[in-house]
Each structure stands twice: as C-alpha cells, then as structure tokens.
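Data block below; observations after.
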Amino acid sequence: MRITDTSDLWWKTAVVYCLDVETFFDSDGDGVGDLAGLSQRVDYLAELGVTCLWLMPFYPTPNRDDGYDVTDLYAVDPRLGTLGDLVELLRTCRDRGIRVIADLVVNHTSDQHPWFRAARLSKQSPYRDFYVWRADPPPDTSDQVVFPDQERSIWQLDEGTGEWYLHHFYQHQPDLNVANPRVRDEIAKAMGFWLQLGLSGFRVDAVPFLLDTTGVPDEERRHFADPHAYLRALRSFLGRRAGDAILLGEVNLPHEEQAAFFGGQDGNELTMLFDFITMQRLYLALARADAGPLAAALTERPAVNPDSHWATFVRNHDELTLDKLTEAERQEVFAAFGPEPRMQLYGRGLKRRLPPMLGGDPQRIRMAYSLLFSLPGTPVLYYGEEIGMGEDLDAEGRNAVRTPMQWTAHEDGGFSTAPLSRLAVRPVVGRYGPAHVNAAAQRRDPTSLWNFVAMLAQRYRECPELGWGDLTVLDQPHPQVLAHRCSWSDGTVVALHNLGAEPVTVPLELGEQEPGTRLIDLLQPGDTVVDNGGGAELTLKGYGYRWLRLDRRGDRQLP
Ligand code: GLC
C-alpha cells in the first residue's frame with residue numbers, strides 16, 4: 001500500500017460538498033448569496049473536512065432553472081460577483097486544501113444565449129446548426145420529457161422560422177448539437193477557460209442527453225458515429241490542460257449502462273459517476289429496515305478501472321429521484337418517507353431532505369450518514385446536510401431543498417443582512433428553521449450532527465481502504481444489518497450498520513487471523529478481540545453503526 005497514491009488519485013478519498021453560491025452566504029446585503037460570501041465561509045468548509053467544493057452553476061442566467069440555463073459560458077452571474085471574486089475564492093480554497101469543481105452545463109443553453117438568439121433569427125444563421133431542428137411536425141414525445149409537470153414534448157415550435165427545436169429539459173433550454181464540431185470546440189474552449197482559472201474539473205450535467213443525437217441529420221451523424229469517442233476526447237483534453245482534473249458525471253442510468261460512461265475497464269471517459277442506483281436502493285433499504293437492496297446494489301456495481309470511482313450521496317439539489325426502483329418499491333419509499341402528494345415530485349421523486357424523512361431521529365440520521373461515509377465511493381454532501389437542514393414543502397418543485405444555508409438562529413439564518421422580504425429565497429420555518437437548526441450552535445456543541453459529520457469526514461480520510469479497497473459484504477444472520485469490509489493492500493476496515501430499530505448482536509467471520517488481532521472501534525472508544533478462527537461478536541444498538549479497523553501486528557496505520 002502506498003499512502004502517497006491517495007494524493008495522486010485525490011478524488012478517490014475526497015469529501016465533496018455541493019452548494020449554490022446564491023443560497024450560501026450573502027456578504028453585501030442584497031438578499032442574494034455571493035462569491036465573496038462563500039470565500040468568507042471557506043474555513044467553515046475546511047473545518048468540516050471538505051476537500052472538494054462543487055459549485056452549482058454560477059454563470060449569467062435568466063435563472064429559470066436555478067442557473068442550469070446559461071447565457072454565457074465564460075462569465076459569472078453579476079448577482080453573485082465577478083470573475084475576480086471567483087479567483088479570490090479559488091485561491092482561498094487552495095490555501096485551505098480544498099479543490100473546486102463547477103457544473104459544466106453544455107447539453108443545452110438558455111434560449112437567451114446569444115447563440116440561440118442568432119440561431120432562431122434565420123435558417124441561414126451560422127449558429128443555426130449549434131442546435132437541433134426539425135422541419136416536419138414532431139410525433140408525440142410526451143413520454144420523453146424530463147419535467148412532465150411543465151412540458152409535453154421535447155420539440156418546441158419556433159414561430160419565426162417555422163421549425164421545431166429539440167429540448168430534453170424545459171423549452172427555454174434548447175439542446176446543443178454536439179455532432180457539430182464547432183459546438184465541440186466551444187465546449188472544450190469553455191472548459192479550458194475555467195481550468196486555466198484554477199478549477200479542478202467539472203460536474204458534467206446530463207451526460208446521456210449530451211451524447212444523445214436524437215434529431216441530428218443523418219449526414220451530420222455519420223461524422224459523429226461514436227458519441228463515447230467524444231467523451232474520451234473531452235477526457236484527454238481535460239488531462240492535457242490540467243492533469244489532476246476530473247469529470248464527475250450526472251448519468252442516472254442502470255449500473256450496467258453506467259459502465260460505458262466510465263469508458264469501461266479503460267477508464268478513459270468520466271472519472272466519476274454519481275451512483276444513483278445505490279442511492280435509490282439505500283432509501284428502499286431504510287424504508288424496509290432491510291439491508292438487502294443496498295447490499296445487492298453495491299455488489300452488482302460493474303467493475304471499473306482502478307482510477308475511476310463512484311460518487312455516493314443521499315441528497316442532491318434535484319428531486320430525490322426514485323425513478324430506477326420498480327413502481328411497487330417506489331410506493332414503499334413514498335409511504336415511508338413522503339406519503340403526502342405535496343412531498344412528491346414528477347411521480348418519481350421526493351421533495352424532502354433526509355432528517356424530516358427519518359422523523360428527526362438523531363440516531364437514525366447519524367446511521368444514514370455513517371453509511372454514506374463508509375460505503376465504497378466518494379461521499380458528496382449537499383450544503384446543509386451537515387447540520388440536518390429540512391425542506392420547505394411550500395416552495396415550488398425542487399426549490400423545496402434550495403433554501404438559504406442556516407448559519408445562525410436568526411430568522412433568516414444569518415444568511416443575509418437584507419430584510420427578510422428582500423431575500424431571493426425564503427428560509428425554512430418551523431421545526432427545521434434556523435432557530436432549531438444552525439451551524440453556529442452546532443459547531444460549539446460537541447454532541448451535534450455537525451461534529452458527528454466532521455468526525456466521519458476525518459475517519460473516512462484516515463481510512464483510504466474505503467475509497468481504494470475491495471468490498472466484501474459479510475455474511476451474518478440479521479437482514480436489517482449491513483456488514484461490509486473494505487480491504488486495500490495491508491489494511492482492512494469493517495463497518496456495521498443496523499437499519500432496524502432494535503439492538504442486535506452480530507457474529508462475524510473474518511477468516512483466519514494471527515493471535516492477538518483486534519477490531520479497533522474508529523467512531524467510539526473500545527476494541528474487540530478476534531479469535532484465532534477470525535470470529536468476533538459485535539453489538540449494535542437500534543439504528544447503531546460501528547466502524548472497525550482490523551489491527552494486526554506490524555500494521556502501518558496508526559490505530
Ligand atoms: C440536471 C440538473 C438539474 C437541471 C437539469 C437541466 O439534471 O441536476 O438541476 O434542471 O440538469 O440542466
């Protein structure tokens with residue numbers, strides 16, 4: 001084992017934190033969070049143990065899709081600050097050991113982007129072919145829209161030129177035509193720009209849609225026969241411009257289809273993929289108090305190149321999608337965690353954050369985060385998770401989980417000095433509002449969720465086996481328990497999670513061990529002797545969790 005490899009392939013042991021600058025911290029009192037405000041909070045992130053910050057889109061935007069509708073790929077939304085403010089942030093993050101990646105939104109632009117405005121002026125426009133058009137009326141595509149509450153078709157008539165343009169997302173987000181080499185040049189140039197400024201890579205939005213060539217004329221498609229060759233080209237380009245930069249892709253597909261987006265065993269496409277399947281199976285497992293679905297998801301993951309890696313999460317900025325569960329499974333999760341229609345979205349997801357879904361039970365919430373950090377994969381936190389923020393069910397759609405970060409007990413969470421009525425986004429009220437859930441109080445309270453998450457981040461960083469090791473789900477008799485082992489080189493970490501409310505005693509078989517081998521608790525004081533045959537018995541309380549390092553004589557890890 002070479003510990004130095006962990007700084008080389010840094011993403012395999014990173015702690016990623018996602019935030020939207022707009023809702024994080026407002027430094028100038030105009031009611032909108034800004035880059036200068038975020039810089040002010042970099043130490044907070046460093047203290048929590050964050051090593052990679054993922055910035056949601058900060059580009060100029062009409063903001064009709066929370067910034068995922070971009071009008072300029074080379075600039076900063078003036079409401080958030082300037083390019084100068086961004087560089088100051090990047091410098092400060094680097095000083096605190098935090099890399100920064102940003103959303104790369106190039107499946108589509110805003111319909112206000114100068115390219116689209118030019119494209120729709122005339123069929124002869126040099127930008128016409130930046131987008132995808134059709135002259136004949138489209139068939140019914142209502143089953144292909146991403147936002148069924150708003151859209152009926154993936155084609156929208158452009159009155160001016162009498163043709164339809166493609167948009168998989170909202171109709172104000174026309175899809176770019178990546179079969180067009182000029183579009184590909186523009187995408188690479190934009191990436192090069194941000195890498196030059198100091199970004200360490202990108203969270204690539206909607207990758208399967210980006211590679212999709214629906215509606216592209218046959219002639220053009222012939223020159224773009226293999227969209228994955230394009231993804232490989234982007235990855236090579238990234239590597240040439242910034243050797244340690246990553247592409248973290250949004251690819252919500254079944255595991256076997258995800259493999260292709262890593263570039264299979266070659267690992268030459270996306271560096272990391274969010275594991276949407278394991279996330280959905282985790283919720284099913286929690287709902288059933290049965291670790292089976294989660295264990296199955298983990299062991300069914302396709303084998304990937306050792307440089308590639310999964311990103312694990314329990315929440316992101318979108319609906320908590322359950323689209324890859326069966327209808328019956330989805331209904332089980334809805335029944336357990338979001339039974340009311342106002343808690344659900346698009347018929348496939350939930351509007352809620354984890355703590356309210358788990359009834360605010362501190363033990364169960366901690367067990368879920370303990371799982372997140374101990375599963376093989378890089379944990380990605382969505383801002384506010386570290387303090388257990390809740391959602392605003394009265395907010396429209398996905399905005400329910402896009403409320404201002406709660407810094408202090410003040411009504412507005414100390415997010416801004418602007419009057420409440422001037423805030424761009426309304427803070428959460430009630431049981432999960434700032435008076436009860438805020439960072440300032442939790443940082444000072446050693447028993448808080450914040451301190452627990454900070455400890456998990458620290459232990460996870462100290463256990464590179466979790467990121468690098470081979471996973472084994474250990475046999476034991478309790479269906480509600482997940483017992484897994486990650487072994488890498490000469491190190492082994494075992495984690496136990498009880499998804500059920502009742503205490504259990506878990507017998508483990510760890511294989512033949514040297515006399516004197518112990519299991520050292522990593523989250524609490526104590527250790528357990530392993531007998532010569534490799535057997536050990538461990539107790540877990542209801543919703544209990546334990547991380548244990550197999551301590552053998554001669555190990556180089558500090559126990
Ligand atoms: C991704 C983003 C989502 C956005 C969509 C369109 O799915 O996560 O927030 O609405 O892409 O850009």
Side-chain angles (χ1 to χ4, degrees), residues 16-23 54-73 77 101-113 115-116 131-132 144-151 153-154 156 165-178 183 187 190 202-212 214 247-253 258 261 270 272-277 279-280 311 313-324 345-351 353 380-383 391 395-403 425:
V16 183
Y17 189 96
C18 167
L19 62 83
D20 186 353
V21 175
E22 184 183 357
T23 51
W54 154 23
L55 299 179
M56 286 170 63
F58 51 72
Y59 313 102
T61 172
N63 222 8
R64 295 178 68 190
D65 181 17
D66 205 28
Y68 284 90
D69 45 334
V70 177
T71 56
D72 183 352
L73 284 170
D77 181 346
I101 65 172
D103 253 289
L104 179 72
V105 190
V106 287
N107 168 68
H108 48 263
T109 66
S110 158
D111 63 355
Q112 300 306 308
H113 193 291
W115 297 338
F116 191 69
Y131 299 88
V132 183
Q144 294 176 49
V145 301
V146 176
F147 301 121
D149 61 330
Q150 305 271 323
E151 303 294 343
S153 169
I154 60 170
Q156 176 64 26
Y165 62 85
L166 181 71
H167 64 88
H168 276 101
F169 295 90
Y170 295 112
Q171 56 181 270
H172 57 77
Q173 290 168 320
D175 279 22
L176 281 166
N177 174 16
V178 282
V183 169
I187 292 174
F202 303 93
R203 179 264 187 189
V204 193
D205 191 50
V207 183
F209 295 99
L210 171 69
L211 297 192
D212 185 75
T214 305
L247 295 177
L248 165 56
E250 184 198 24
V251 180
N252 179 9
L253 290 176
Q258 285 187 310
F261 288 81
L270 298 169
M272 298 180 81
L273 265 73
F274 291 103
D275 192 345
F276 280 93
I277 302 301
M279 179 280 285
Q280 301 188 33
F313 64 107
V314 299
R315 201 40 178 119
N316 68 12
H317 61 288
D318 288 326
E319 77 280 9
L320 181 79
T321 186
L322 302 167
D323 66 337
K324 297 294 184 287
L345 211 50
Y346 314 132
R348 62 171 183 251
L350 287 164
K351 283 176 75 170
R353 282 187 182 249
V380 182
L381 288 173
Y382 182 54
Y383 78 95
E391 71 279 344
E396 174 66 26
R398 293 173 291 166
N399 291 339
V401 296
R402 297 172 177 177
T403 57
V425 181

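First listed ligand is number 1; within each ligand, the first listed atom is number 1.
- Judged by the shortest distance from any of its heavy atoms, Y170 lies outside the 4.0 Å radius around the atoms of ligand 1.
- E391 has no carboxylate O lying under 4.0 Å from a charged side-chain N of K351, or vice versa, which leaves the two without a salt bridge.
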message: Using side chain to side chain donor-acceptor pair (under 3.5 Å), reason through H317 and Y68 one step at a time and then give a plain yes or no.
response: CA-CA 12 Å; H317 61 288; Y68 284 90; 3.1 Å; yes
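- Evaluated for a ring-ring contact (aromatic ring centres under 6.0 Å, His included) with W54, the options Y382, F274, F202 yield exactly one hit, F274.
- Closest heavy-atom approach to atom 7 (O) of ligand 1 among the candidates E250, H168, H317, Q173: E250.
- For Y346 and T321, the side-chain atoms include no donor-acceptor pair closer than 3.5 Å.
- Under 4.0 Å from ligand 1, the heavy atoms of R402 that appear belong solely to its side chain.
- Ranking protein heavy atoms by distance to atom 1 (C) of ligand 1, first place goes to D205 OD1, 2.7 Å.
- For ligand 1 and R398, the ligand atoms under 4.0 Å from any heavy atom of the residue are 3 (C), 4 (C), 9 (O), 10 (O).
- Q258 places a side-chain N or O within donor-acceptor distance of the main-chain N or O of V251, the cut-off being under 3.5 Å.
- For the ligand labelled ligand 1, residue R203 lies inside the 4.0 Å heavy-atom shell.
- Within the listing of ligand 1, atoms 2 (C), 3 (C), 7 (O), 8 (O), 9 (O) sit less than 4.0 angstrom from a heavy atom of D318.
- Taking a cutoff of 4.0 Å between a charged side-chain nitrogen and a carboxylate oxygen, D66 and R402 qualify as a salt bridge.
- Using modelled atom types, one finds a donor on one side chain and an acceptor on the other under 3.5 Å when comparing Q280 with D323.
- Counting the atoms of ligand 1 from 1 in the order shown, those under 4.0 Å from a heavy atom of H108 are 6 (C), 12 (O).
- Scanning the protein for heavy atoms near atom 10 (O) of ligand 1, the closest one is D65 OD2, 2.7 Å.
- At a heavy-atom cutoff of 4.0 Å, ligand 1 is contacted by the side chain of F147 but not by its backbone.
- Across all non-hydrogen atoms, the minimal contact from L322 to L350 is CD1-CD1, 4.0 Å.
- With a heavy-atom cut-off of 4.0 Å, H167 does not touch ligand 1 at all.
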